Amino acid sequence: MNATAATGTLTSSNLRHPLITNVYRGKVRDVYTLSDGRIILLASDRISAFDRLLGVIPFKGEVLTQIAKFWFEKTKAMVPNHLLRTPDP
């Protein structure tokens with residue numbers, strides 16, 4: 001993981017594991033595909049607009065993850081979802 005020491009922001013990731021078969025880096029999220037079919041979505045603190053990286057917002061990735069977790073939990077009885085677990089912020 002690459003974090004800016006002064007701000008503690010997560011600007012990029014570099015996960016290494018034998019099960020990782022593919023890596024995609026989007027504007028905000030890094031996506032790791034595992035050989036067993038699972039996917040790891042890692043939300044960074046990057047912010048972009050019009051396909052340009054504008055900078056970083058500290059804790060943006062954590063906030064996005066917690067909002068998604070909240071709604072996946074609230075709606076799981078109505079609609080099945082893909083969420084297995086989220087890391088502890």
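Just the heavy atoms: all of them, side chains too, but no hydrogens, waters or symmetry mates, feed the values below. Since we're looking at a predicted model, the values are computed, not measured.
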- The complete set of side chain to side chain donor-acceptor pair (under 3.5 Å) pairs with one or both residues in residues 19-29, sequence neighbours excluded, reads Lys27-Asp51

- Message: My understanding is that a hydrophobic cluster links ILVMFWY residues whose side chain heavy atoms are under 4.5 Å apart, including indirect links. Using that, what else belongs to the cluster containing Phe70?
- Response: Val63, Ile67, Trp71

- Item | Verdict with supporting geometry, Val31 and Ile39, side chain to side chain contact (heavy atoms under 4.5 Å, CB included) | CA-CA 7 Å; Val31 181; Ile39 296 175; 3.5 Å; yes

- Query: Which ILVMFWY residues can you reach from Met78 by hopping between side chains whose heavy atoms are under 4.5 Å apart?
  - Reply: Val79

- Nearest non-hydrogen partners of Thr9 and Ile57, listed with the distance: CG2-C, 4.2 Å

- Task: Find the distance between OG (Ser48) and CG (Leu54) and round it off to the nearest 0.5 Å.
- Result: 6.5 Å

- Item | Under 3.5 Å: donor-acceptor pair, side chain of Asp45, backbone of Gly61 | yes

- Message: Quick check: do Ser44 and Lys60 have side-chain heavy atoms less than 4.5 Å from each other?
- Response: no

- Query: Does Leu53 sit in a hydrophobic cluster with other residues, and if so which ones, taking ILVMFWY side chains as linked at heavy-atom separations under 4.5 Å, directly or through other members?
  - Reply: none

- For Ala43 and Thr65, work out which heavy atoms get closest and say how close. CB-OG1, 4.0 Å

- Message: Quick check: do Lys76 and Leu83 have side-chain heavy atoms less than 4.5 Å from each other?
- Response: no

- Nearest 0.5 Å please: distance from the CG atom of Leu41 over to the CG atom of Leu64. 12.0 Å

- Query: Could you go step by step and tell me if Ile40 and Leu34 meet the side chain to side chain contact (heavy atoms under 4.5 Å, CB included) rule?
  - Reply: CA-CA 8 Å; Ile40 298 172; Leu34 305 180; 4.2 Å; yes

- Message: I'd like to know whether Ile20 forms a side chain to side chain contact (heavy atoms under 4.5 Å, CB included) with Leu15, so could you lay out the CA-CA distance, the side-chain angles of the two residues, the decisive distance to 0.1 Å, and finally the verdict.
- Response: CA-CA 8 Å; Ile20 295 174; Leu15 298 180; 3.9 Å; yes

- Query: Going hydrophobic residue to hydrophobic residue with side-chain gaps under 4.5 angstrom, can you get from Ile47 over to Val28?
  - Reply: no

- Query: For Asp36, which residues count as a side-chain hydrogen bond (donor to acceptor under 3.5 Å, both in side chains) partner, sequence neighbours excluded?
  - Reply: Arg38

- Would you list the pairs meeting salt bridge (charged side-chain N to carboxylate O under 4.0 Å, His left out) in which at least one residue belongs to residues 12-21, sequence neighbours left out? none

- Strictly under 6.0 Å, is that where the ring centroids of Phe72 and His82 end up? yes

- Item | Val56 versus Arg46, closest heavy-atom pair with distance | CG1-CA, 4.1 Å

